Every structure is written in structure tokens, then in C-alpha cells.
Amino acid sequence: MDDKEIIDLFLSRNEHAIKETDNRYGAFSRNLSYQILNSHEDAEECVNDSYLKLWDTIPPTVPESLMAYLGRIVRNLSLNRLRWKTEQKRNCDVEVLLSEIADCVPAYEDVEHAIDQMILSELITKWLSGEKKINRQIFVRRYWYGSTYEELARHYRLSEKKLMDRLYHMRRRLKEYLEKEGISV
């Protein structure tokens, strides 16, 4: 079943929408959540919560890409769970990951900045499209999927040092680009 058919099930409030979503994107969702939480049980719970969130938000929202919409929900729920679980220990890998990207991307905390977030998202997408394919892949795998330096280095056959340098320079270029576009970081 394709995305449009699944979204139509949600819009008609048909409970099979959840099952079809899980059939199509369950493995993707669990893997994304597991990359952040490093716990199968917590990942499974976040994925189930994300299906409830889908049910609650479609309608009124009609996403253009169900995978992207679900991925964003899973990622946000997983990050929220991680923050809750690690309130006392700030040395967690994902906290480090978020602090890396925080230096070049502003954080918006309230609903009033939703439009700014959409603009920021479009600018980052535009910036990434100007990067080499390998750089885009590394950036997205690191900052969206939460892959570790070790995993990325092994996958792309680079040393961790070279990978860290590459990401550092990419973050600097992103920060310069966003500042040039009028986004204060």
C-alpha cells in the first residue's frame, strides 16, 4: 500500500491505517528510534506512541510524505524520551550530537517560531543540496539518524578524525550560510 492510500485510511479514520503504516515504515521507525535511544524496548514504545500521534494529527494535517512526517514524529518522541531518561547524566552521545549542531543552528522553543523553523528547514535543505553527495549523506546520517562517528567512519571508510574534521567544516559552512541568509545563530 502506498503513502496516499495509507493517508486516505487515516483521513477516513480507518484503524487499518496503523497496521499499514507499521507494515510499510515499522522497521524504519524502530531503527531511527533505536539509533537515538539504544534500547529496543524504549524504541518500540516510541514507535507505538508515534502511531498514536499520527492518528491524532491526520486529519487535520495531510503530510506530503508520510515517511518524512512519521520520521519527524519518531525522532522528536525519541529525543524527548532520551532527555527524560538522562536528565541527571548530560554526557550521553545524543546530548553531544545535539550540542555539535546547536553551534550552527538556532533552537526554537515555542509555537510562535514554527514559521521560522520551516524557513530554517528549507534553508538547510537548500544548503545541503549544494554539498557533495557524500557530505549530504554523512551530515544527514549524523544529525538526523544519530549515527556515531565510529559507524560513519566504518561505512564511508574514513578515519574518525577525518570524519570529525569534515563534519566540523560542514557545520562552519552551514553557520556562515545561515548567517548570510539572515538567520542569527
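The structure presented is a predicted model; accordingly, all values stated were derived computationally and were not measured.
L178 is not listed as a side-chain neighbour of E181, based on a closest heavy-atom distance of 4.5 Å or more. The shortest side-chain heavy-atom distance between E15 and L9 does not fall under the 4.5 Å cut-off. Two residues are said to be in side-chain contact when any heavy atoms from C-beta on lie closer than 4.5 Å; D22 and R30 meet this criterion. Two residues are said to be in side-chain contact when any heavy atoms from C-beta on lie closer than 4.5 Å; Y69 and T57 meet this criterion. Side-chain contact between K132 and N135: present, with at least one pair of heavy atoms (C-beta onward) separated by less than 4.5 Å. Contact annotation: the side chain of E131 never approaches that of F139 to less than 4.5 Å [non-hydrogen atoms, C-beta and beyond]. Inter-residue side-chain proximity for R173 and H169 is flagged as met; some heavy-atom pair is nearer than 4.5 Å. Put simply, the side chain of Y143 reaches to within 4.5 Å of the side chain of R171, judged on heavy atoms.
A distance of 8.5 Å separates CZ of F10 from CD1 of I7, quoted to the nearest 0.5 Å. Of the inter-residue distances, the one linking H16 atom NE2 with M1 atom CE reads 9.0 Å to the nearest 0.5 angstrom. To the nearest 0.5 Å, atoms CD (E5) and CG (D2) are separated by 4.0 Å. Here the CG atom belonging to L152 is positioned 15.0 Å from the NZ atom belonging to K162, to the nearest 0.5 angstrom. Of the inter-residue distances, the one linking M67 atom CE with T21 atom OG1 reads 12.5 Å to the nearest 0.5 angstrom. With rounding to the nearest 0.5 angstrom, the CG atom of L32 is 10.0 Å from the SG atom of C46.
Judged by distance alone, the side chain of N76 and the main-chain N or O of R72 form a donor-acceptor pair under 3.5 Å. Between the side chain of R154 and the backbone N or O of Y149, no donor-acceptor pair lies under 3.5 Å. Looking only at distances, no side-chain donor or acceptor of T61 sits under 3.5 Å from a matching main-chain atom of I58. For N14 (side chain) and A17 (main-chain N/O), no donor-acceptor pair under 3.5 Å exists by modelled atom type. Of the possible donor and acceptor atoms, one in the side chain of R75 sits under 3.5 Å from a partner among the backbone N and O of W144.
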Criterion side-chain contact (heavy atoms from CB on, under 4.5 Å) on R83 and L79, from CA distance to verdict: CA-CA 6 Å; R83 285 185 191 106; L79 288 171; 3.8 Å; yes
Trace of the salt bridge (Lys or Arg N to Asp or Glu O under 4.0 Å) decision for D3 with R24: CA-CA 9 Å; D3 284 6; R24 185 163 172 101; 3.0 Å; yes
Test log, rule side-chain contact (heavy atoms from CB on, under 4.5 Å), inputs L52 and N48: CA-CA 7 Å; L52 177 61; N48 289 335; over 6 Å; no
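With respect to D49 and K53, no salt bridge is recorded, no charged nitrogen being found less than 4.0 Å from a carboxylate O. With respect to E151 and R141, no salt bridge is recorded, no charged nitrogen being found less than 4.0 Å from a carboxylate O. Salt bridge present: R81 and E45 bring a charged side-chain N and a carboxylate O closer than 4.0 Å.
The side chain to side chain donor-acceptor pair (under 3.5 Å) with S78 is formed by just one residue from the set S50, S29, S33; it is S33.
Counting non-hydrogen atoms of other residues, nucleotides and ligands closer than 6.0 Å to OH of Y168 gives a total of 12 or fewer.
Residue A153 comes nearest to L163 through the heavy atom pair N-CD2, 3.7 Å, listed as atom of the first residue, atom of the second, then distance. Closest of all the heavy-atom pairs between A68 and S65 is N-OG, 3.2 Å. The heavy-atom pair separating Y25 from L66 by the smallest distance is CE1-CD2, 4.0 Å.
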I'd like a table of donor-acceptor pairs (distance under 3.5 Å, sequence neighbours excluded) in which one partner is a side-chain atom from residues 36-44, with atom names and distances.
| residue | atom | partner | partner atom | Å |
| --- | --- | --- | --- | --- |
| N38 | OD1 | Y34 | OH | 3.1 |
| S39 | OG | E41 | OE1 | 3.4 |
| S39 | OG | D42 | N | 3.2 |
| D42 | OD2 | K85 | NZ | 2.3 |

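A cation-pi contact links R13 to W55, judged by a cut-off of 6.0 Å to the six-membered ring centre and 45° from its axis.
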